[in-house]
Amino acid sequence: MTDQARAAQAHTSPGPDGDGVAATRRRPRRRDHRAYLYVAPAFVFVAAFVLYPVGQAIWISFFRWDGISLATWVGIGNYVAAVTDPALTQSFAHVAVLVFFYAVLPIVIALVLAALLQRAARLRGAGILQTLIFLPQVIAAVVIGVIWVSIYAPDGLLNTVLRIFGLGVATRTWLGDFSTALPAVGLIGTWVEIGLCLVLFLTGISQIPRELFEAARVDGAGFWRELFSVTLPALRAPLSVALTLTVVAALKTFDVVFVTTGGGPGTSTTVPAFQVYNLAFNQGRVGMATTIGIILTVLVLLITMLIRRIAPKDDL
Amino acid sequence: MRLSRPEAIVNYAVLGLFALISLIPIVGVVLTALTPADQATASFAIPRSLDFGNFVQAWNQGRFSQYMLSSVIVTVTTVVVAAVFSILAGFAFARMRFAGRNVLFYLMLIGMFIPLEAYIIPLYFEMRDVGLTDTYAALILPQIAQSVAFGIFWMRGFFAAIPSSLIEAARLDGAGDMRTLWQVLVPVVRPAVITMVMLTFMWTWNDFLLSLVMITSESFRTAPLALSFFQSQFVTQYALLSAAATIVALPLIILYAILQRYFIRGMLAGAIKE
Amino acid sequence: MHTKHTMKWSAALAAVAATAMLLAGCTPGSGQSSSGSTDKPTKITTDVASLGKLTLTVWDQETTPGISTSLDDLNKQFEAKYPNVHIDRVVRSGSDLRTTLKLALSSSTPPDVIQANQGFADMAAYVKAGLLTDLGPYASRYGWTKRFPSSQRALDSVTPDGSKLGSGNLYGLSITGEMVGTFYNKKVLDSVGLPVPKSMEELEADLPKIKAKGILPIAFGDQDKSPAVHLLGIALMPQLGQKAASQLIFHQAGTFDSPSVHTAADLLAGWATKGYVTPGFNGVNSNTAATAFGQGKAAFFLGGVWNQDAIQKAGAGDSGAGFTVLPQKAGDPLVAMGGVGMGWAIPARSKKKDAAAAYIDFISSAKGMTTLEKNNQLPAVPSADAKAEEGTLTNDILSTWSRLTKDNGLVAYMDWSTPTFYDTIVSNVQSLMGGTENTAAFTKALQADYSGFGGGN
């Protein structure tokens, strides 16, 4: 993971809506001008290297520009093209598929695993399992991409395993096949995100009063009933956190695609973040690239807000 | 709680399977890296003899010694500067009253919410215009900006939660704002600072897009960027490639092994928050 | 997030955007000095020793072993000749070079010598933006005009406004010859009992026979993208013939929605569906395919001469494999995509242009050419005594090259045609052969890109 969690985390860490404001109200009323000195260094950096380029990005998105010669004003032309040109819209369709693999799949798997761990409360090594399964989160996406390229290679681990089980017919070059390249990239995301979801859910479960489980079991609840009637309802908050983090990660996928497929075969694995880079620095379509970046940002913000909306209010 | 025997077996089987799935890629790449180059294949296997030659080759001929140095320079500078600025500004936002406080705070939040993809292109041209592309500054400056945007938010919450009495007490002892902050408050929120430092370290170390765009010459190339170039150059030299990948991932794996609590806590902040 | 905050948020965002846009104010790109003609060197020094201690940063994309060794070798010789010069060679794969070069050229401290891909996407775009040095003065001073035939220099020439290829100023100098053609493995063909094909038609007829013996007919991998362009060239060029192909590529006449392109596309799609090419080719690296061919795992390898070294080292040795360029029908004039390797160029903002020019002069000299030959590479102008033993792969390549240049059978790379054509051809060839796109959609996609670009205007 690179910086993709930054924004999502912010939603969930102590912030202005919480203790911060309440605490500050108790502060003496005097205005402290030295505060500007404290804030200035940080602000200068954010202003110069985030806010200013963000404003510029909006400006550039109204131009057709090759990045080296003079630009041509095209108004909202780039935005129109971005939502109508099939070559550009398909990258958004691909990222929707990735959301399934990065968010839905790991959340479902992690839920089941968390519930299993919960039932086998005295399972030895649960802590170690947690630690290990979380590990992909701290490894650079480039490294993860390199690892999976060799797993998916023609003579890689996946095909070898398939052959051992007599499934030789199923072997293929996973990243070079139109029907499997995108899911193959997606499964890398699943592998990475399971740990994050699992740890989130286990933490959530640890806060559920044990009596609830005991009671359910006295009633003779099996694994699935326990999962749906006790565990799941108590996990709404961690679920929304998991959903936010993983969906944002999916939307911003770049490193893994760059390393594993480069958008290919054909254009079957192009994603918006890859298009931002490729259009700007390979094809010299800087205005268009910037536009895609802005659309992507709006999507990220909208979706995080939406998830927050449907999440329970009380625990945030 | 006791489980029925069949259920316990199924439980162990499922959990074991997923533990394997999550582990095999990582263990596999390390094993491949330790396999003599001519025996290594894409499918991981347990090497018959251990060979550290791949690491030596990646480190020397592959120039990873140089790339790792670049990464260390960029990451350490970013982390230290961002931590100091975040603590200062986080403290001010939490504990001082001044005109425009809210506006400034929300501007900082923008810096955290907007993904790099949105402004990487203008950022590149901005850097180029001032002649900074292809320097460490081209990486460090934006990284600091992104890190403080998060750090202020993070630190502000923790500073705000400190009871006022603690600050009053320090003031009564005659400590100025600066001394109160660094000698009284920072030690109190030490875990939060460690978490913040770990997270910014990880984000900066693992960065790829920024380096890809800003850095063109070999001398400033960071380790992840170098790894991706290395990969397209040596696609089928699995042992060498695996060694390089291991080298790039190692610092964070070590940090994680030592400080995993802080990592996990930081990355899951939301769920853990009371 | 509470609504209250959301509103403040939007307000803050709007404020930022407005301020930054005001600050920005002007049209992107207007702040730069961009005119190609001002970059002419004024005073030329050929005496490198007098330039003092300096480091020359050289970027190239020659990752294939043979040519890479040649360059290392030449760099050492250059440093020995001028002890005051240190060469910092930066090698990266072709696609990595493509992406970073544009960025590097426009920085204030670009490399001193680079390899620029000809065509509208790269060299012409750099020229248009005033990022390359006009090599004309150096060419006359060093006598490059005599060293390389005008047909080759034309490939490295662009008009100063970047609108036309093939004429204008000289912006690069190429030291290798390149052509794309058919490698055949002699042992494999013998084992199937087939003679070396003399035309595309014969090749086509051989493929099912080879397949029937359980041997892979063609080793091919285009995960690294560019082989897709080359394969299409091999299928298409013989149908068009040199003249029509050239006119098409340089936007003088023709269209990509033509029967010839249809036929070529059908051919490639057929190869893929009939299993004549390496399974999973879209995920196989071209070097891997060349190696497999060299090991005798396939009868043919279709690709560029730069694969020679990999093929020989994989096990084919000096004489296990042969090279030929196939016309459509036996006896037709030869035509092949190729020409010269990437042009060695000097970024306009380099501060060591004289030393850079001396370096380019050195690697393109007769000594450079023999060094290339020694490493199984095809020099742009093979030295007079470049005679390889009959029956060797090197000999095949040298003789095919001289026939092609003599008969004027070379056609520039197709991807030169438009700035985005490389990506378009690659992704559509991959889709076509991957079975997700039919021939009609393929030709339509190519033509759409081609006609959308008027030729540099």
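- Chosen from Val259(A), Asp155(A), Val276(A), the residue pairing most often with chain B at heavy-atom distances under 4.5 Å is Asp155(A).
- For chain B, no part of Ile295(A) is nearby; none of its heavy atoms comes within less than 4.5 Å.
- Ile109(A) touches chain B through its side chain: at least one heavy atom from C-beta onward sits under 4.5 Å away, while N, CA, C and O do not.
- Taken from OG1 in Thr131(A) to CD in Gln260(B), the straight-line distance is 4.0 Å, to the nearest 0.5 Å.
- Of the inter-residue distances, the one linking Asp255(A) atom CG with Asp207(B) atom CG reads 8.0 Å to the nearest 0.5 angstrom.
- Smallest separation of non-hydrogen atoms from Val148(B) and Ala42(A): CG2-O, 4.0 Å.
- Residue with the most contacts toward chain A among Val248(B), Leu181(B), Val213(B), Ile120(B): Val213(B) (heavy-atom pairs, distance under 4.5 Å).
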Verdict with supporting geometry, Tyr124(B) and Phe281(A), ring pair (Phe, Tyr, Trp, His ring centres under 6.0 Å): CA-CA 11 Å; Tyr124(B) 165 72; Phe281(A) 299 114; 5.5 Å; yes
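- Chain A forms the most heavy-atom pairs under 4.5 Å with one residue out of Phe159(B), Tyr119(B), Phe91(B), and that residue is Tyr119(B).
- Side chain of Asn206(B) to backbone of Ala141(A): no donor-acceptor contact under 3.5 angstrom is found.
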Stepwise side chain to side chain contact (heavy atoms under 4.5 Å, CB included) check, Val39(A) with Met108(B): CA-CA 10 Å; Val39(A) 174; Met108(B) 294 294 202; 4.3 Å; yes
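- If you tally non-hydrogen atom pairs under 4.5 Å between each of Leu158(A), Thr291(A), Asn159(A), Ile133(A) and chain B, the highest count goes to Ile133(A).
- For chain A, the nearby part of Met127(B) is the side chain; its heavy atoms alone come within less than 4.5 Å.
- Heavy atoms of Leu113(A) lying under 4.5 Å from chain B belong to its backbone as well as its side chain.
- Taking both residues in full, the closest heavy atoms of Ala145(B) and Val50(A) are given as CB-CG2, 3.9 Å, listed atom of the first, atom of the second, then distance.
- Note: Val143(A) leads Leu37(A), Val112(A), Val143(A) in heavy-atom pairs under 4.5 Å with chain B.
- Ile152(B) touches chain A through its side chain: at least one heavy atom from C-beta onward sits under 4.5 Å away, while N, CA, C and O do not.
- Taking the six-membered ring where tryptophan is involved, the planes of Phe98(B) and Tyr36(A) are perpendicular, since the angle between them exceeds 60° and thus also 30°.
- The contact between Ile60(A) and chain B is made entirely by side chain atoms (from C-beta outward), counting heavy-atom distances below 4.5 Å.
- Taking both residues in full, the closest heavy atoms of Val46(A) and Gly111(B) are given as CG1-CA, 4.2 Å, listed atom of the first, atom of the second, then distance.
- With chain A as partner, the option from Pro25(B), Pro224(B), Ala257(B), Ala89(B) having the largest number of non-hydrogen pairs under 4.5 angstrom is Pro25(B).
- The distance from the CG atom of Leu116(A) to the CG atom of Asn11(B) is 4.5 Å, given to the nearest 0.5 Å.
- The two atoms that bring Val146(A) and Ala245(B) nearest to each other are CG1-CB, 4.2 Å, heavy atoms only.
- Heavy-atom pairs under 4.5 Å with chain B were tallied for Val199(A), Leu135(A), Thr290(A); the largest tally goes to Leu135(A).
- With a threshold of 4.5 angstrom between heavy atoms, Phe254(A) approaches chain B through side-chain atoms but not through N, CA, C or O.
- Atom CD1 of Ile24(B) sits about 8.5 Å away from atom CD1 of Ile151(A), to the nearest 0.5 Å.
- Closest approach of Met202(B) to Val138(A), counting heavy atoms only: SD-CA, 3.7 Å.
- Annotation for Pro122(B) and Gln56(A): closest pair CB-CB, 3.6 Å, computed over non-hydrogen atoms.
- Note on Ala99(B), Gly151(B), Ala19(B): by heavy-atom pairs under 4.5 Å with chain A, the leading option is Ala99(B).
- Under a 4.0 Å N-O distance rule, the pair Arg34(A)/Asp177(B) qualifies as a salt bridge.
- Options Ala118(B), Ala223(B), Ala92(B), Ala244(B) differ in how many heavy-atom pairs under 4.5 Å they form with chain A, and the most are formed by Ala118(B).
- Between Trp191(A) and Phe18(B), the gap from one ring centroid to the other reaches at least 6.0 Å.
- Here the CZ atom belonging to Phe45(A) is positioned 10.5 Å from the OG atom belonging to Ser147(B), to the nearest 0.5 angstrom.
- At a 4.5 Å heavy-atom cutoff, Val161(A) makes no contact with chain B through either its backbone or its side chain.
- Separating the CD1 atom in Ile114(B) from the CG atom in Leu296(A) is a distance of 11.0 Å, to the nearest 0.5 Å.
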